[in-house]
Amino acid sequence: MTLHIKLFAVAMQKAGTSNLEIECSMPATIADIKHAVLERCPELDQVIPHCRFAVDDQFATDTTIVTEQSSLAIIPPVSGGT
Amino acid sequence: MTLHIKLFAVAMQKAGTSNLEIECSMPATIADIKHAVLERCPELDQVIPHCRFAVDDQFATDTTIVTEQSSLAIIPPVSGGT
Amino acid sequence: MISITNETIDTNVVLEAVQDHRAGAVVLFLGTTRSITGDRKTDSLDYECYESMAIKKLEELESIGRQRWDVIGVNIVHRLGHLLPGEASVAVAVSSPHRAAAFKCGQWLIDTLKEDVPIWKKENWSDGTKDWVHPGLED
Amino acid sequence: MISITNETIDTNVVLEAVQDHRAGAVVLFLGTTRSITGDRKTDSLDYECYESMAIKKLEELESIGRQRWDVIGVNIVHRLGHLLPGEASVAVAVSSPHRAAAFKCGQWLIDTLKEDVPIWKKENWSDGTKDWVHPGLED
């Protein structure tokens with residue numbers, strides 16, 4: 001099915017969109033999603049290893065399970081606070 | 001000779017003056033001064049053990065030597081900063 | 001309390017929100033951007049955030065800070081949008097009965113904000129180039 | 001810079017004095033007096049100091065703080081005279097390139113000020129009695 005992933009900062013810049021659509025069979029883990037993102041968007045290959053993923057506004061790990069209802073985002077290293 | 005000692009806060013309150021005059025033979029140490037203060041002003045006996053003495057605006061110890069030119073003060077525990 | 005704003009941060013307002021008759025100590029942290037980084041000059045900055053998550057994370061920080069330290073008021077304000085160097089991008093104010101708690105909590109809040117709150121800064125350099133800032137991610 | 005004043009402490013003025021284009025962090029500490037201590041209520045406070053020594057000690061604190069930490073601006077303001085509870089009696093502001101130094105220096109300055117700077121506070125209790133405050137010296 002189609003999943004929507006929010007992108008920010010350099011990830012958005014490199015992908016050219018703030019809302020990446022990927023195809024992925026459900027249920028999936030974040031590791032699966034990462035794989036699908038890189039297939040869909042190889043220009044993120046230098047960025048993704050430094051990013052965390054967020055599921056429903058919480059940081060996720062590679063084994064976090066994603067459902068159709070999950071809100072997904074890629075979180076590059078943050079730089080707020082200065 | 002006559003020495004003048006500045007008093008503050010509870011020390012001033014108990015002694016009833018902000019400028020205590022004591023007689024003390026020179027040269028003297030702070031220990032000698034303390035002794036002379038307590039003779040002159042026994043109402044400070046509960047206070048003096050908790051106080052530091054200052055000579056020329058620096059904290060002194062019992063063995064600090066006082067001269068005729070020294071500026072002397074009794075420094076009760078301080079309470080600035082809140 | 002926490003907030004994300006596009007307006008200039010008014011430190012008086014930030015401080016007033018944490019003042020309390022039980023508080024003997026207030027610690028305020030202000031984060032500003034230097035105009036010089038190495039030998040490059042910054043003309044301006046743009047901040048953006050993942051808003052729903054940033055708000056949740058900031059609320060989580062306040063909640064954990066309150067559990068860990070004896071604090072009374074907590075106020076975290078992060079500014080977004082276009083800033084000039086020297087303008088504050090973040091203010092963290094903490095009040096407490098005793099100062100050690102206010103210092104510790106304030107420092108933990110800004111340290112953790114800088115690790116975990118999804119806000120990003122873009123440097124608009126004076127040479128016309130622009131760079132998103134991502135600690136640990138070299139372009 | 002350091003100062004002793006009879007006027008209300010204006011935190012904006014205190015902060016402006018330490019702001020600098022090289023500074024990424026500003027830490028401000030404000031000390032205020034609680035209106036309630038145990039079950040007693042404070043109506044007002046009077047602060048006095050041994051001025052020549054207080055100024056020397058504050059200058060010494062700034063000087064040692066600057067030696068120990070990489071700080072840019074240091075501003076210590078202590079108020080004297082008659083204060084109401086909740087009004088700030090002291091403000092310590094420190095700016096630095098990196099926040100850890102500003103936090104550490106700021107905390108050391110207020111900790112040491114409270115040990116070594118000859119300033120004393122008198123509590124004017126709501127029951128009409130007055131007490132000089134001398135930590136460790138019970139009346």
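Quick note: numbers below take in every heavy atom, side chains included, and nothing from hydrogens, waters or symmetry partners. Convention: sequence-line order gives letters A, B, ...; per-chain numbering from 1. Worth saying up front: this structure is predicted, and the values here are computed from it rather than measured.
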For the CD atom on B:Gln58, are there more than 12 heavy atoms of other groups (residues, nucleotides or ligands in this structure) within a distance under 6.0 Å? yes

Which atoms of D:Tyr47 are under 4.5 Å from chain B, going by heavy atoms: the side chain, the backbone, both sets, or neither? side chain

Would you say the side chains of B:Ser79 and D:Lys114 form a donor-acceptor pair under 3.5 Å? no

Could you tell me whether the side chains of B:Thr17 and B:Asn19 share a donor-acceptor contact shorter than 3.5 Å? no

Classify the ring geometry between B:Phe8 and D:Trp120 as parallel (under 30°), tilted (30 to 60°) or perpendicular (over 60°). parallel

Could you check whether any side-chain N or O of B:Asp62 sits under 3.5 Å from a backbone N or O of B:Ile30, counting only pairs where one atom can act as donor and the other as acceptor? no

Please look at D:Lys122 and chain B and tell me whether the side chain, the backbone, both or neither of the residue comes under 4.5 angstrom of a heavy atom of that chain. neither

For residues D:Thr5 and D:Ser3, is any side-chain donor paired with an opposing acceptor at under 3.5 Å? no

Tell me, for D:Ser52 versus chain B, whether the close heavy atoms (under 4.5 Å) come from the side chain, the backbone, both or neither. both

Under 4.5 Å from any heavy atom of chain B - which part of D:Glu60: side chain

Based on non-hydrogen pairs under 4.5 Å, which of B:Gly80, B:Pro76, B:Ala9 is most in contact with chain D? B:Ala9

Between D:Val117 and chain B, with a heavy-atom cut-off of 4.5 Å, which part of the residue counts as in contact: side chain, backbone, both or neither? backbone

Interface residue of largest heavy-atom contact number with chain B, from D:Ile55, D:Ile110, D:Thr32, D:Ile76, under 4.5 Å: D:Thr32

Portion of D:Asp116 that has a non-hydrogen atom of chain B nearer than 4.5 angstrom: both

